[in-house]
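Worth saying up front: this structure is predicted, and the values here are computed from it rather than measured.
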Amino acid sequence: MEMIFDLRNVSYSYARRINALKDICFKVNQNEQISIIGSNGSGKSTLLSILDGLIYPTVGEFHAFDNKISEEVFNTIGDNAFRSYFRTRVGLVFQNSDVQLFSPTVFEEIAFGPMQLNLTPGEVKTRVLEVMEMIGITKLKDRSPHTLSGGEKKKVCIATVLASNPDVLLLDEPTAGLDPRTQLWLAELLQELGDVGKTIITATHDLELVEQISKRAIVMGEDHRIVMDEDVEKVLNNVELLLDSNLIHEHMHIHSKLAHEHLHTHKGKHVHEHDTECDLSSTRIELLLAKELE
């Protein structure tokens, strides 16, 4: 299996004095679905920026596709074949959609990436229309991105990344500001993209999303270090760790009546509700914490 990323003792400091990451070590293999979880300010967004080649380690080394990534590598004057290769394989969906949107119309926004891939105008148009149909935003194609709702903007941002068909998808707090229906749509989409072989790395503190879309979780502590890197079930069962990482609080409790939604996919699963009972997987944190506090 191909190794995608390899971080070796990576640290990052803003202005050389404000620490954002400390001694980060982990590897990512092809077709992994990973969540990077931690409280606000723990370094999740900074870590995604390094994985996307937008910033570079202050200390340590970051390797991608068997190449060391550095400012010298990416900013070499002239044609840079590896930089182009990297940009076609890795795509980032920013937390703030407005940062990512700049074109006059949704169609032009989504077409920008494919236009950099030396495709013919006809091929670009076909790809854009296919992605818009898949995401369910065809009706928005002539709208200005900045006139859209938050959920619509998020869908457009995801479409802009998918239009270039990257192998690796990075998402920064993708459910932030989304209504429950759009959150459910997003979780289903990420599941399906994982099923077809995409490598997906999501930075979030939404533990419900983590359980739905990931098989592995990397926990960032408030000291900007990795405090756990394990499969999702082990991480979400570690109540003490989640408390220490400020991902849950000690006053969480079980309501007398529990309700939740299950994801539905094209594999035949459907959304349904439980009124008086629900499976342990969807309320694991609440149940374990309540037991812990008894």
To the closest 0.5 Å, what do you measure between [atom1] ([X]) and [atom2] ([Y])?
X: Leu51; Y: Ile34; atom1: CG; atom2: CD1; answer: 9.0 Å
X: His224; Y: Ser42; atom1: NE2; atom2: OG; answer: 8.0 Å
X: Thr202; Y: Glu173; atom1: OG1; atom2: CD; answer: 10.0 Å
X: Ser164; Y: Met115; atom1: OG; atom2: CE; answer: 11.5 Å
X: Ser97; Y: Leu148; atom1: OG; atom2: CG; answer: 9.5 Å
X: Leu190; Y: Ile158; atom1: CG; atom2: CD1; answer: 6.5 Å

message = One pair to check against side chain to side chain contact (heavy atoms under 4.5 Å, CB included): Ile201 and Ile218. What are the steps and the verdict?
response = CA-CA 10 Å; Ile201 304 175; Ile218 296 173; over 6 Å; no
I need the minimum non-hydrogen distance between [X] and [Y], along with the two atoms involved.
X: Ile36; Y: Leu47; result: CD1-CD2, 3.7 Å
X: Gly91; Y: Asp52; result: C-OD1, 4.4 Å
X: Ser245; Y: Val227; result: OG-CG2, 4.0 Å
X: Pro145; Y: Leu101; result: CB-CD1, 3.8 Å
X: Thr204; Y: Ser35; result: CG2-OG, 4.5 Å
X: Lys44; Y: Met220; result: CG-CG, 4.4 Å

request  = Decide yes or no on side chain to side chain contact (heavy atoms under 4.5 Å, CB included) for Glu152 and Val106, but give the supporting numbers first.
outcome  = CA-CA 10 Å; Glu152 289 170 336; Val106 168; over 6 Å; no
ask   = Does Val196 share a hydrophobic cluster with Val28, counting links as ILVMFWY side-chain heavy atoms below 4.5 Å and allowing steps through other members?
value = no
task = Identify whether Met3 and Tyr85 are in the same connected component of the hydrophobic contact network (ILVMFWY, side-chain heavy atoms under 4.5 Å).
result = no
task = Would you confirm whether Gln95, through its side chain, and Asp172, through its main-chain N or O, come within 3.5 Å as a donor-acceptor pair?
result = no
ask   = Got a donor-acceptor contact below 3.5 angstrom from the Arg89 side chain to the Asp167 backbone?
value = no
task = Sequence neighbours left out, what passes ring-ring contact (aromatic ring centres under 6.0 Å, His included) with Phe5? Give chain and number order.
result = Phe62
inquiry  = Is the positively charged end of Lys154 above the ring of Trp185, judged by distance under 6.0 angstrom from the centroid and angle within 45° of the axis?
reply    = no
request  = Kindly indicate whether the side chain of Phe82, heavy atoms from C-beta on, has any atom under 4.5 Å from the side chain of Ile69.
outcome  = yes
request  = Compare all side-chain heavy atoms of Asn165 with those of Lys198 and state whether any distance is below 4.5 angstrom.
outcome  = yes
message = Can you tell me if Glu133 has over 12 outside heavy atoms packed within less than 6.0 Å of its CD?
response = no
Flag if over 12 foreign heavy atoms under 6.0 Å of CE, Met228 = yes
inquiry  = Can you tell me how the ring of Tyr14 sits relative to the ring of Tyr12, calling it parallel under 30°, perpendicular over 60° and tilted otherwise?
reply    = perpendicular
request  = Dump the intermediate steps for side chain to side chain contact (heavy atoms under 4.5 Å, CB included) on Val219 and Asn238, then the final yes or no.
outcome  = CA-CA 11 Å; Val219 184; Asn238 194 327; over 6 Å; no
ask   = Yes or no on side chain to side chain contact (heavy atoms under 4.5 Å, CB included) for Phe65 and Ile4, after CA distance, side-chain angles and deciding distance?
value = CA-CA 5 Å; Phe65 312 108; Ile4 303 294; 3.8 Å; yes
key: Gln33 and Asn31 side chains, donor-acceptor separation under 3.5 Å   = yes
key: Side-chain hydrophobic cluster, 4.5 Å single linkage: members besides Phe102   = Phe112
